[in-house]
Amino acid sequence: MNDFVGTGTLVRLALRRDRILIPIWILVFVITAAGSAKASIDLYSDQNALVEAARTSNASPALVSLYGRIFDESSLGAVSLFKLTAFGALLVGLLGGMLVVRHTRSEEESGRLELLSAGVLGRYAALASALIVSGVTVIVLGLLTALSLMGSGLDTKGSLAFGLMWAAAGLAFAGVAAVTSQVSESARAANGLTAIVLGVAYVLRAIGDSSADGSTQWVSWLSPIGWAQQVRPYAGERWAVLLLPLAFLALLITAATALIRRRDLGAGLVRPRPGPPRAAKSLRSPLALAWRLHRGSLYAWGFAFLLLGLLVGNIASNVDGFVTSDSAKEMVQKLGGVEGITDAFLATEMGMVGLLASAFGIQAALRLRSEETALRAEPLLATGVTRAQWLASHVLMALLGTGVLILVAGLGSGVSSGASLGNMGRQVPRMIGAAAVQLPAIWLVTALVVVLFGLAPKLVTGGWVLYGVFLLIGQFGEIFNLPQWMINLSPYGHTPRLPGGDFSVAPVLWLTGIAAALTIAGFTTFRRRDIG
């Protein structure tokens, strides 16, 4: 039998399942890029103002580490879209990877692929169909983005390079997900591994871009996101760089197909160890079981957040030396809402850490649905375990897990910056406080997933959509000139800017109260619906 037989059928099935999700994500990316371009065109009507804004951005390590450098300070397109170059490639890569995991490992974990394999289905059909769906999605996304940028008035060649850059990043991380889907036995772990690779790629790019003397710029070339950035849309396009992510994809596809032959359907390359015949006393409660299920992911995320915190603190200790112009200092201060350049950088970075921690909260809360659809929840609830106990165990792991991650990042940044600046006794508590104030917004986003699980479990993945909307509003709301009431919809916009900024207890209490109310609503609705 042909190893690819049935691929077309699986492609149609996947497109049928994602007929709403994929168009929404494409529309969000296209509107974001076009809106950013149009707003910048209206803002920078004067060439001198354009160049000054670009120089200010390049002089700010906070902005360079977050978004990358502007390679042509006189280019309207390069300045307009600098926030969406590396950061947008990260998000498109996340979309491409999640689609592959969704239609490979998730299908195996749920048992649907095994049922389909009982018919005429080749060994590589699931992987091939997932890569086709993911690849077509990011390519269409890239081409429509290019057309929207052209329609906004930007250069045709640069717009095409920008769209293809996004598509290339999506293809590269679709290949990463193809491999992680073979390594792990669960979709959650596969998504987690893909996210870790994405995070490492973004950090490598940040290290390379943040180099003041150019000594570490080569590090950017170790990252697929760095490759996307080096296409340099609107700044002397480098078309040949697009071959790097394509070659990377081909290499990963080869590795994934080889791994498929080395494992059984439903199994991963890394097999879980068999447990003892009788459970330990420490495992005889819903919370202990939830900890057992979440601990591996929490360990991996915690290590990544510790490294991220140490990196942020190390960069922060050198910020004052990197920023020399008065206009650059003024811009960074405004972005951070604080008086000191170092505090502005740290406040901005802590906001980004909060966004990343929210992804763990969403993923942990989604474990409720995967346990339910895999029919592992029903046997537990048939015993003396109540619905409230089972739900509370996973929700508690999601809330406490995000707390651990954000505090670990705060501790790492405090130790690193404090050691460099010679005031660790002051920096550590300040950075832990700056991290802690991110928690109410993170918990609110996690609570939205809980209420969706209780009210409409089939729509629970909409938590990722809401997360994306909040992220885009927070990052680009002012650029799009959105009304203030719409910007206020993002919980991240109400988080105090610490360290160094003004702390107000009111928004913290409001966010915490709303998160608690949503969580209670999730418990109430879950108790009233059927399992399954």
Side-chain angles (χ1 to χ4, degrees), residues 1-18 21-22 94-135 137 173-197 252-275 292-294 296-297 300 363-364 366-379 457-458 460-461 464 532:
M1 183 177 66
N2 189 326
D3 284 333
F4 294 94
V5 66
T7 298
T9 301
L10 292 182
V11 168
R12 292 192 295 272
L13 177 61
L15 292 175
R16 170 77 176 178
R17 290 184 60 202
D18 291 343
L21 181 66
I22 288 177
L94 181 63
L95 174 62
M98 288 179 62
L99 284 174
V100 171
V101 174
R102 175 176 170 81
H103 296 293
T104 53
R105 177 51 60 184
S106 291
E107 293 295 278
E108 290 190 48
E109 190 176 11
S110 66
R112 284 189 292 266
L113 189 59
E114 187 173 5
L115 291 175
L116 292 171
S117 299
V120 182
L121 195 65
R123 183 190 296 268
Y124 301 138
L127 177 62
S129 64
L131 288 169
I132 289 172
V133 170
S134 179
T137 297
F173 287 101
V176 171
V179 174
T180 61
S181 295
Q182 315 310 319
V183 172
S184 172
E185 282 199 359
S186 72
R188 184 165 164 271
N191 277 324
L193 289 173
T194 304
I196 289 173
V197 175
L252 291 175
I253 290 176
T254 302
T257 54
L259 293 176
I260 288 177
R261 289 193 171 275
R262 294 178 177 272
R263 68 177 183 86
D264 295 328
L265 182 65
L269 188 67
V270 178
R271 300 298 303 273
R273 293 178 299 174
R292 182 67 173 264
L293 294 174
H294 289 275
S297 178
Q363 177 184 284
L366 287 175
R367 184 63 185 254
L368 288 162
R369 182 57 179 168
S370 64
E371 291 292 297
E372 183 180 18
T373 55
L375 303 180
R376 290 189 290 267
E378 194 168 0
K458 292 184 179 180
V460 72
T461 53
W464 287 115

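As a basis for the values below, the full set of heavy atoms in this structure was taken, side chains included, without hydrogen atoms, waters or symmetry mates. For the single chain, residues carry numbers from 1 onward in sequence order.
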Could you grab the distance from atom [atom1] of [X] to atom [atom2] of [Y], nearest 0.5 Å is fine?
X	Y	atom1	atom2	value
Ile253	Tyr124	CD1	OH	12.5 Å
Arg102	Asp18	CZ	CG	4.5 Å
Thr104	Leu131	OG1	CG	8.0 Å
Leu99	Leu94	CG	CG	9.5 Å
Arg369	Leu366	CZ	CG	10.5 Å
Leu127	Leu10	CG	CG	11.0 Å

Is the side chain of Ser129 donor-acceptor paired with the backbone N or O of Ala126 at a distance under 3.5 Å, no angle test?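 The answer is yes, because a donor-acceptor pair under 3.5 Å joins these two groups.
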Short question: side chain of Arg105, backbone of Ser184 - any donor-acceptor pair under 3.5 Å? yes
Among residues at least two apart in sequence or on other chains, which ones pass salt bridge (Lys or Arg N to Asp or Glu O under 4.0 Å) with Arg16? none
Taking salt bridge (Lys or Arg N to Asp or Glu O under 4.0 Å) as the test, write out the residues that go with Arg12, two or more places apart.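 Residues passing salt bridge (Lys or Arg N to Asp or Glu O under 4.0 Å) with Arg12: none at all.
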Can you give me the closest heavy-atom contact between [X] and [Y], atom names plus distance?
X	Y	result
Gln182	Ala178	NE2-O, 3.0 Å
Ala190	Thr180	O-OG1, 3.4 Å
Val101	Ala177	CG2-CB, 3.8 Å
His294	Ala364	CE1-O, 3.4 Å
Phe4	Ala128	CD2-CB, 3.9 Å
Trp464	Gln363	CZ2-N, 4.3 Å

With the side chain counted from C-beta on, respond yes when Thr461 and Leu21 share a heavy-atom pair under 4.5 Å apart, and no when they do not.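 The answer is no, as the side chains (C-beta and beyond) never meet within the 4.5 Å cut-off.
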Under the side chain to side chain contact (heavy atoms under 4.5 Å, CB included) test against Val133, which residue among Leu13, Val100, Val11 passes?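 Result for side chain to side chain contact (heavy atoms under 4.5 Å, CB included) with Val133: Val11.
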